[in-house]
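Throughout, protein chains are lettered first and strands after them, A, B, ... in sequence-line order, and every chain is numbered starting at 1. Heavy atoms only: backbone and side chains are in, while hydrogens, waters and symmetry mates are out.
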There are 2 protein chains.
Amino acid sequence: MEFKEAKNKFVQTWGALGSQWGINKTMAQIHALLMIAPEPLSMEDVMEELQISRGNASMNLRALMDWGIVYKEFKQGERKEFFIAEKDLDELAVKIAQERSKREIKPALKVLKEVSSAVKENKTDEAKHFTEQTTKLYDFVLKADNMLEKATEFKDNWLGKLVMKIMK
Amino acid sequence: MEFKEAKNKFVQTWGALGSQWGINKTMAQIHALLMIAPEPLSMEDVMEELQISRGNASMNLRALMDWGIVYKEFKQGERKEFFIAEKDLDELAVKIAQERSKREIKPALKVLKEVSSAVKENKTDEAKHFTEQTTKLYDFVLKADNMLEKATEFKDNWLGKLVMKIMK
DNA sequence: CTAAACTTTCAAAAATAAATGAAAGTTATT
DNA sequence: AATAACTTTCATTTATTTTTGAAAGTTTAG
């Protein structure tokens, strides 16, 4: 396979994967590009490589920086900004997990808690069942969120490493 | 809070959560509805409650069954089909994890593997860096996918339970 | 201070995804 | 085998998300 073809295939694939995991396609593609770039890239470079507009590039680079997985870098004597991706993949996973927990799970948990304890006076069967089920769901999502949090601490901790080993 | 209000809030929230995790909004809402229904619901019921069309209900119920998280149920003497949700939440998590791995991660892994070993002859710096990075990414995604798989075996296994406990 | 170099914003356009509903398909009943 | 009860399909419409690009904003250098 030619290098250019492989590169393109990789960027497309990473983009598709990202878009299925809540990161928009262009954002994931920019990230892919930065991951494999041996040198920091300018906004021009990104626009050129992905054939996207200036506005699009600007917005998605900003978003990547908000997620904490892309950084600005300045070059000696150069006026413009360059960008590099977080290259430590464990760190990347931690950042993504934290962001998604904060933006999506935490707010949902708040509502689940609210509704699960909101109809306690109503004693119809339907209402009782509702309270039961939503309580279970709250506990479950809370557990999942905690796991996500704890999983991000794994890499530094002996127990985690042990478990990983056993889990093959 | 009134029961109806709580119910509506719950359905909306579950729908939003789902849509951020790769399950379409209506699909997640139907699932929510079935989760809290004390009795199996017919397609009519679902259409009525969510104010959606017959086609929409049919397609999304089918999708939920493909995911293995909703089942058909037949009632004595009734001609029409009723639906119930998988109520075991651990089972739900397993099913979702399996489906997403199969549909999204596995195909991506295939491409990653392909491109990471595709440009080995090319010896420019850029190509070398590309191979290095994509190899790392492949390993990383593979590891993540394995974790997802193993996590689904946790609930039945003593070590898993222990770890869960320690993780609080 | 001001012009040049560069970045961000945002209303409008384009692309994508999801929903509708009527027609076609299926299955059970008489 | 005809009809009624119900479900699925899919071309079209509608809603949502993403992208564009030109104008406004910012920063640096002279």
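Ring geometry for B/W14 versus B/H31: interplanar angle under 30°, hence parallel rather than tilted (30 to 60°).
In summary, A/E81 and A/R62 do not engage in a salt bridge, as defined by a charged side-chain N under 4.0 Å from a carboxylate O. Residues B/K7 and B/E49 are paired through a salt bridge, judged by an N-O separation under 4.0 Å between the basic side chain and the carboxylate. Comment: A/D45 does not engage A/K80 in a salt bridge, judged by the lack of any side-chain N to carboxylate O separation of less than 4.0 angstrom. Using a cutoff of 4.0 Å between basic side-chain nitrogens and carboxylate oxygens, A/K95 and A/D88 are not scored as salt-bridged.
Taken to the nearest 0.5 Å, the CG atom of A/L112 stands 10.5 Å off from the OG atom of A/S117.
Near-neighbour residues of DNA chain C inside residues 41-55 of chain A, defined by a heavy atom below 4.0 Å, number-ordered: A/M43, A/R54, A/G55. DNA chain C is contacted by B/N60, B/R79 of residues 58-80 of chain B, taking any non-hydrogen atom closer than 4.0 Å.
In this structure the side chain of A/L109 reaches within 4.5 angstrom of the side chain of A/Y138, judged on heavy atoms.
Position along DNA chain C of the nearest nucleotide to A/E81 versus A/K25 favours A/E81 as the more 5'-ward residue.
Here the side chain of B/E99 pairs no donor or acceptor atom with the backbone of B/W67 at under 3.5 angstrom.
Hydrophobic clustering (side-chain heavy atoms under 4.5 Å, transitive across Ile, Leu, Val, Met, Phe, Trp, Tyr) groups B/M65 together with B/I23.
From the 5' end on, the contacts that DNA chain D makes with chain B at under 4.0 Å to a non-hydrogen atom open and close at D/dA4 to D/dC10.
Side-chain N/O atoms of B/T26 include none lying less than 4.0 angstrom from OP1 or OP2 on C/dA18.
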* Asked: Could you go step by step and tell me if A/K72 and A/F82 meet the side chain to side chain contact (heavy atoms under 4.5 Å, CB included) rule?
  -> CA-CA 6 Å; A/K72 271 189 190 168; A/F82 291 82; over 6 Å; no

